[in-house]
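Written out below as C-alpha cells is the structure these notes cover.
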Amino acid sequence: MVNIKINGIEYSVEEGTTILEACRQNGIRIPTLCWLKDINAIGACRICVVEMSGARSLTAACVYPLSKFDEGKNILTHSPAVLESRKMTLQLLLSNHNMDCLACARSGNCELQALCKELGVDDSSYFEGAKNEFDIDTSSKHMYRDDNKCINCRRCVAACEKYQGIGVIGANERGFKTEISCAFGMDLANTACVSCGQCITACPTGALSEKDDTDKVWEALADPEKVVVVQTAPAVRASLGRLSVIR
Amino acid sequence: MMTVAELDAIKAKLHSQMMLRKGSEAGEDTYRKHVLVCGGTGCTSSGSMGIINKLNEELKKNGIENEVKVIKTGCFGLCALGPIMIVYPEGSFYSMVKEENIPEIVSEHLVKGNVVERLLYSETVTDSGIKSLNETNFYKKQHRVALRNCGVISPENIEEYIALDGYQALAKVLTQMTPEDVIQTILDSGLRGRGGGGFPTGKKWQLARNLVKDADQKYVCCNADEGDPGAFMDRSVLEGDPHVVIEAMAIAGYAIGATQGYIYVRAEYPIAVERLRIAIGQAREYGLLGDNILGTGFKFDLDLRLGAGAFVCGEETALMTSIEGNRGEPRPRPPFPAESGLFQKPTILNNVETYANVPQIILNGADWFASMGTEKSKGTKVFALGGKIHNTGLVEIPMGTTLREVIYEIGGGIPNGKEFKAAQTGGPSGGCIPAEHLDIPIDYDNLISIGSMMGSGGLIVMDENNCMVDIAKFFLEFTVDESCGKCTPCRIGTKRLYEMLEKITSGNATLEDLDKMEKLCYYIKNNSLCGLGQTAPNPVLSTLRYFKDEYLAHVVDKKCPAGVCQDLLTYKIVADKCKGCTACARKCPVGAISGTVKEPHSIDTTKCIKCGACMATCKFGAIVKE
C-alpha cells in the first residue's frame, strides 16, 4: 500500500494504482479525454494533469502509477495551476477544431463540449491561427470520419485494435498535421474495416459518426407506393458476441 | 575466440607504428611516413576521397607506395579548413587541400622531405619555424578524451584501435572487476549523460542492475540519433572511432547484466552507419562480441537500428518505441527504462559521447576523470562550434572552460570585426546566452541557471546582425516540424507559439500578445508529455529574458533593430551618397526606383518588395535598410 495525500487528505491505495484510479476510488473527479478504461492510457491529451509535490512539471493522472517512491506526496487535483492548464488545453484543442457545433451530430452529447462547460472555457477563440483542413472520409457504408473535429485522443485507434483486433486506423503525419486515418491515407472502405462501429462509440467528439438514414426513411414513409417494414439490426448483439470471444 | 594475451600481442605488434603517428621518437614502421586524410562527413563532402585516390596514384607514380602509407581517418575537428591532411612523423598539417596540390606535396614533401609551407594551416607557420598543431589556438586548450582516436586511427581497422589500448578496458572489467566495481567506478568518476539531460551515468547503470531482480533479459542501447541543428559530435565519434562505442556498450552490458545491445543511429549518417557495420563485423570476427568474450564466458552482441529521421526519436522512450518497430512516439514515465524499457525489459540508454568516455575511465580510474571539470560536472565536453565564428568545427574542452575562451581563443572570434551578441547552446531545447555571461564556466548547472542548457553540445554564435526574435522563430519552426503530434501542448501549443512569433516579426503584435506568449511558453513546459515539448519554449523564454528590448522594438516601434525581419524594414536611398548612376534602378525587379541620371534616386516603398537587390548593386553604400 502507498500512503498519499489528495488535496491534503490522507488516503492509502494499492501500489501500482494510477492517480486517476486513486481519485475515482475516493470519489474525486478528474476530467479525462483520451483515457478509455482498460484500452487507452497514453497520457496524450493532458486534460487529467494534477500537481504533485516534488514534480518538476504537471503530471498526467491517467498514466502515473503510484509507487513506494510516492509515499507521503501530496496531489492537488484542482489547484489554480491545474485548472488553468486544463482550460488552456481545451482552448488549444478548440483552436484547431471545426466548431460547427450546432449542426454536429454530437451536439449536447459531446465530451469536448461538456468539458469546456465544466472548466469554464468562456473564450473559444482565445488562440487564433491556422486550422487543419482534412477531407471527410465518407467512403464507408456505415460511417464517416471528419478529422476536422478530431482531437487526436486515439480512443478510436485503441478500440479498433483492442476491442476488435482489426487495427485499420492509426496516426499519420506528425506534429500539427497529425491525422488519424488509414494506412497511406486510404479510404476506410478499402480497408479490412468490419463496420462494427466500436470506434464511433469510443469517439468523444463528432469526428466519427454513423451515417444517418432518417431522411431515407421519411422518404419511404411518404411514398404511397411503398410498404415500409421495420426490423431491428443485429449489430449490437453480434458486436457484443464477438467481443466476448476475443476476450 | 581471442584471449587477453592475443589482444596484448596485437597491441604490442602495432604499438610502435602508432607511436610514429603520435610524432613520438619511439615510432617505427616499415613505412617511412603516415599520411592521414580526414574521411569524416565534412571533409568527405569537400572532396577528401578524391584526394586519397590522387595521393595513392601519385605515390605509385613516384614509386614510394611502399614507403608512405595513406590512412583514411575520422574527423580532426577543424571542419572549416577541410579537406585536412596530416603527414607524420613530422606532423605537418595541410588544410583546404585540393587535388591539384597533391603532386607537389608528394614530390616535394613525401619524396624530398621539403614541407610545402604555402599549403600548411597558416596558424602553424611562424617566423621561427613550423609549430605543432597542439600549439595552435584551436587545439591548445582542448583536451581530447571522447575524441582521442578521431583523426588518429583508421576507423575501419580494429587493430589500430587495439594498438591504442582498445578493448583493454573490456579485458580489465571482464578479468579483474565485478559488475558492482564497474558501476562504482563510473559513479565515482562523476560522468553525466552527454546527450543533454546530464543524468549521472553510474546511477543509471546501478538502477538497471538492481531495480528488477529477476529479469530474464536486459538491454543496452546507444542513442546515436543526433538531431540538434548544428551538433555533430556523435557522428564524429562513430565515424572516427566506432569501436569505442562497441567496447563501452559491452562494458555496460557486463555491468548491468545484459547480453544484447542496440545502436539506434540515424540513417542520414551513411558514413557512420557503414563504419559501425564494419566495426561490429570485425569485433565479432575477433571474438570481442558474441559468446565467451576473451574466454571469460561473458556473452554480448550488438545490432544496428536505423532511425528514419524523426528528431523525437532521440527521446529515450520514443527511441525504444521505434526500435520495437512502432511509430516513434514517447510514452509516459514512470515506468522508467531502468525498470521497463525496450520490449518492457530493464534497459539503459546512453549517448554516443557518454560511451566514448567509459573505456578511458575504466583504464585510467575514476579519480583521473574526476580531476577534470567542475564540482558537479566532471570530465570534458565536445562542442560543435557554428554560426558567426572563425573556426567552425568540433572542440573538446574540460568542463569549466569559459564561453569566452571557447569563442575568442579556440574559435578565433567573430568574423568581419562584428560584435558578439549571443551564443545559443543546447539546440532547440536550449537558450541564448548574452555577452554578460561570457565568463561563466561552462557546466551543466551553470548553463541551466542562466536559462540555457548543455544539450548535446551545439554552440551557435550570433553577432549584431542576428535578430533574436528571428532566432527564436527559427528554433520554434524546427520544433513544430519535429513534434510527434501525440500530446496537445506540443502538437498545437508549439504551432500557436510559432504563429505568435510570426505576428511579432511581421509587426502585428501587441504588448498583450507578448504576455499571452509567455503564458503559453510556461504552459507548454509544464504540460508536455516528453522532453521535446517541455523544452521547446526555451529559445523563446531565454531571448525574452535577455533581449526583451528587441521584442519591444518589434512590438511597440515596429522595427527590427538587427535589420532581419523583412516586414519591418524599409529600404532608403541616402541622397548625399547617391551618385545617380542608375545601377539600382536597372536592377530593381519591380521598377520601384526612379530618378534622373546623375541625380539622387528614390525608392517607392509601396512598390518595393524588399528583395535587397538594389543594396547589393550599389557601389557607393547609398542604400540603407532600417
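For clarity, every value in this text was computed on a predicted model and none was experimentally measured. Each chain gets a letter, A, B and so on, in the order the sequences are listed, and its residues count up from 1.
You'll find the side chain of B:Pro334 stays beyond 4.5 Å of the side chain of A:Ser67, heavy atoms only. Two residues are said to be in side-chain contact when any heavy atoms from C-beta on lie closer than 4.5 Å; A:Tyr126 and B:Lys516 meet this criterion. Two residues are said to be in side-chain contact when any heavy atoms from C-beta on lie closer than 4.5 Å; B:Asn526 and A:Arg46 fail this criterion.
Few gaps surround CG on A:Asn7; more than 12 heavy atoms of other groups in view lie less than 6.0 Å from it. When the shell of 6.0 Å around NZ of B:Lys558 is examined, it contains more than 12 heavy atoms from other residues, nucleotides or ligands. Within a 6.0 Å sphere centred on CD of A:Glu14, other residues, nucleotides and ligands contribute 12 heavy atoms or fewer. Environment of NZ in A:Lys131: crowded, with over 12 heavy atoms of neighbouring residues, nucleotides or ligands closer than 6.0 Å. Residue-environment remark: CZ (A:Arg56) stays at or below the threshold of 12 foreign heavy atoms within 6.0 Å.
Listed options B:Lys525, B:Arg333, B:Lys519 were ranked by heavy-atom pairs under 4.5 angstrom with chain A; first place goes to B:Lys519. Here B:Cys484 is the residue among B:Pro330, B:Cys484, B:Pro332, B:Ala310 with the most heavy-atom pairs under 4.5 Å with chain A.
To the nearest 0.5 Å, atom CD1 of residue A:Ile42 and atom NZ of residue B:Lys486 are 5.0 Å apart. Rounding to the nearest 0.5 Å gives a distance of 10.5 Å between CG of A:Leu92 and SG of B:Cys487. Expressed to the nearest 0.5 Å, how far OH of B:Tyr522 lies from CE of A:Met88 amounts to 13.0 Å. Note that CD1 of B:Ile524 is 11.0 Å distant from OG of A:Ser85, once rounded to the nearest 0.5 Å.
Put simply, the side chain of B:Arg496 gets close to the backbone of A:Ser95: a donor and an acceptor are under 3.5 Å apart. Checking side-chain atoms of B:Thr488 against main-chain N and O of A:Thr89 turns up no donor-acceptor pair under 3.5 Å. Under a 3.5 Å cut-off, the side chain of B:Arg327 and the backbone N or O of A:Ala171 do form a donor-acceptor pair.
Checking A:Ile151, A:Thr178, A:Asn132, A:Leu93 one by one against B:Ile492, the side-chain contact (heavy atoms from CB on, under 4.5 Å) holds for a single residue, A:Leu93.
Contact of A:Phe176 with chain B is made through backbone and side chain together, with heavy-atom distances under 4.5 Å. Within the 4.5 angstrom heavy-atom criterion, no atom of A:Ala41 approaches chain B. Proximity to chain A (any heavy atom under 4.5 Å) is restricted, for B:Lys503, to the side chain, taken from C-beta onward. Looking at A:Val49, the atoms closer than 4.5 Å to chain B (heavy atoms on both sides) all sit in the side chain, from C-beta outward. Looking at A:Asn172, only its backbone comes within 4.5 Å of chain B, counting heavy atoms on both sides. Contact of B:Ser528 with chain A is made through the backbone alone, with heavy-atom distances under 4.5 Å. Only the backbone of A:Glu173 comes within contact range of chain B, judged by heavy atoms closer than 4.5 Å. Looking at A:Ser57, both its backbone and its side chain come within 4.5 Å of chain B, counting heavy atoms on both sides.
A salt bridge links B:Glu482 with A:Arg174: the closest approach of a Lys/Arg side-chain nitrogen to an acidic carboxylate oxygen falls below 4.0 angstrom.
Note that B:Lys495 lies outside the cation-pi zone of A:Phe127, set by a 6.0 Å cut-off to the ring centre and a 45° limit from the axis.
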